[in-house]
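Below, all heavy atoms of this structure are taken into account, side chains as well, without hydrogens, waters or symmetry copies. Treat the numbers as computed from the prediction; the structure is a model and nothing was measured.
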Amino acid sequence: IYQKHLRIIDGGATWHVSGEKCIWVGKKRRLSRPRTIAGFDSESKGSRSLVAYEEGTIEIPSTVKGRPTNVRVKNVLYIPEMGNVTLISQGMLDEAGHKFTTAQGVTSCYNKRGVMVWNAFKKGGLYHIQDNIERCMMSKDEAHARFGHINESYLNQLGDFEGELSP
């Protein structure tokens, strides 16, 4: 029903980086000088750097005030070894004139005109850009009716209707 992606607003990231294949819009540009990004697997003794050879623009499905939207981020380094992980540099967005508010587990990003462009939700200590296909799609009562009035134990096996994931 959904693909799992990890999309984090990273206050310590120097660059926007992503390994996701499906979120790029337009053509990626070949970098004249590849960028080495250090710090991957920093917990292990064999910590290594990864190299970006291309950069471009990504578009991440998200929500603003409960409505689907797309977060468009330019100058993202493409590092295929990262897989379905995207780190958005809060510092780069700040330099581009974006502003942030953080309260009660939600970070909201506003563009230069003061218009909210996306929300990120705290989960496990990190702020995730919530893909609109990963949020609760229907209530338990709606699922009960749509699935032929099946009993509650079967509904519980289908998903977490109160949390982020549901059928």
Side-chain angles (χ1 to χ4, degrees), residues 1-29 31 35 37 40 50 52-143 146-147 155 157-167:
I1 294 174
Y2 69 94
Q3 292 182 326
K4 194 66 176 166
H5 303 277
L6 183 61
R7 296 163 178 161
I8 303 294
I9 304 306
D10 191 338
T14 305
W15 308 102
H16 305 306
V17 292
S18 180
E20 292 188 67
K21 293 180 183 178
C22 63
I23 60 175
W24 296 89
V25 292
K27 286 184 118 182
K28 292 190 240 14
R29 296 172 300 285
L31 295 169
R35 283 221 178 87
I37 309 296
F40 289 89
L50 296 178
Y53 296 96
E54 298 175 294
E55 76 175 347
T57 300
I58 62 172
E59 204 168 74
I60 302 171
S62 186
T63 57
V64 173
K65 298 179 183 174
R67 295 191 349 226
T69 188
N70 288 313
V71 175
R72 186 172 276 227
V73 183
K74 297 177 181 179
N75 303 316
V76 180
L77 299 175
Y78 179 55
I79 303 176
E81 295 90 344
M82 290 178 63
N84 286 336
V85 175
T86 298
L87 300 177
I88 304 298
S89 167
Q90 191 171 8
M92 281 186 75
L93 292 176
D94 181 47
E95 287 175 11
H98 289 76
K99 296 182 178 21
F100 300 89
T101 61
T102 303
Q104 299 176 331
V106 179
T107 290
S108 299
C109 179
Y110 300 85
N111 65 18
K112 294 175 187 177
R113 296 183 311 268
V115 176
M116 182 187 298
V117 290
W118 49 262
N119 291 320
F121 301 89
K122 189 174 182 180
K123 180 178 174 185
L126 300 172
Y127 286 90
H128 298 252
I129 295 176
Q130 184 177 13
D131 191 329
N132 58 20
I133 60 172
E134 291 187 30
R135 64 180 159 70
C136 189
M137 306 287 276
M138 67 181 82
S139 70
K140 191 179 279 190
D141 289 339
E142 290 171 315
R146 287 188 184 178
F147 296 128
L155 283 174
Q157 291 175 22
L158 291 175
D160 174 11
F161 291 92
E162 305 306 319
E164 293 179 53
L165 304 176
S166 77

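A 4.5 Å side-chain heavy-atom check between W118 and V73 finds every atom pair outside the cut-off. By the 4.5 Å heavy-atom criterion applied to side chains, Y78 and R29 are not counted as neighbours. E59 has its side chain out of reach of I23: every pair of non-hydrogen atoms, C-beta onward, lies at least 4.5 Å apart. Side-chain contact between T57 and H16 is absent, with no heavy atoms from C-beta onward closer than 4.5 Å. At least one side-chain heavy atom of I8 sits less than 4.5 Å from a side-chain heavy atom of H128. In this structure, the side chains of I58 and E20 stay at 4.5 Å or more apart for every pair of heavy atoms. Side-chain contact check for I129 versus I9: some heavy-atom pair is nearer than 4.5 Å. You'll find the side chain of R7 reaches within 4.5 Å of the side chain of P61, heavy atoms only.
A distance of 11.0 Å separates CE in M116 from OG1 in T69, rounded to the nearest 0.5 Å. Going from atom CG of D10 over to atom OH of Y127 covers 13.0 Å, rounded to the nearest 0.5 Å. Between L50 atom CG and L77 atom CG the span is 11.5 Å, to the nearest 0.5 Å. Here the CD1-OG1 distance, from I37 to T14, works out to 7.5 Å after rounding to the nearest 0.5 Å.
The two residues W24 and V76 have their closest heavy-atom pair at CH2-O, 3.5 Å. When every heavy atom of A13 is checked against every heavy atom of S89, the shortest pair comes out as O-OG, 2.7 Å. Residues H98 and V117 come closest through the heavy atom pair CD2-CG2, 4.5 Å. For the residue pair H5 and C22, the shortest heavy atom distance occurs at CE1-SG, 4.1 Å. Heavy-atom minimum distance, T101 versus Y110: OG1-CE1, 3.6 Å.
Evaluation of the salt bridge (charged side-chain N to carboxylate O under 4.0 Å, His left out) rule for E54 yields no partner, not counting sequence neighbours. Here E81 pairs with nothing under the salt bridge (charged side-chain N to carboxylate O under 4.0 Å, His left out) rule; sequence neighbours left out. By the side chain to side chain contact (heavy atoms under 4.5 Å, CB included) test, D94 pairs with no residue at all, sequence neighbours left out.
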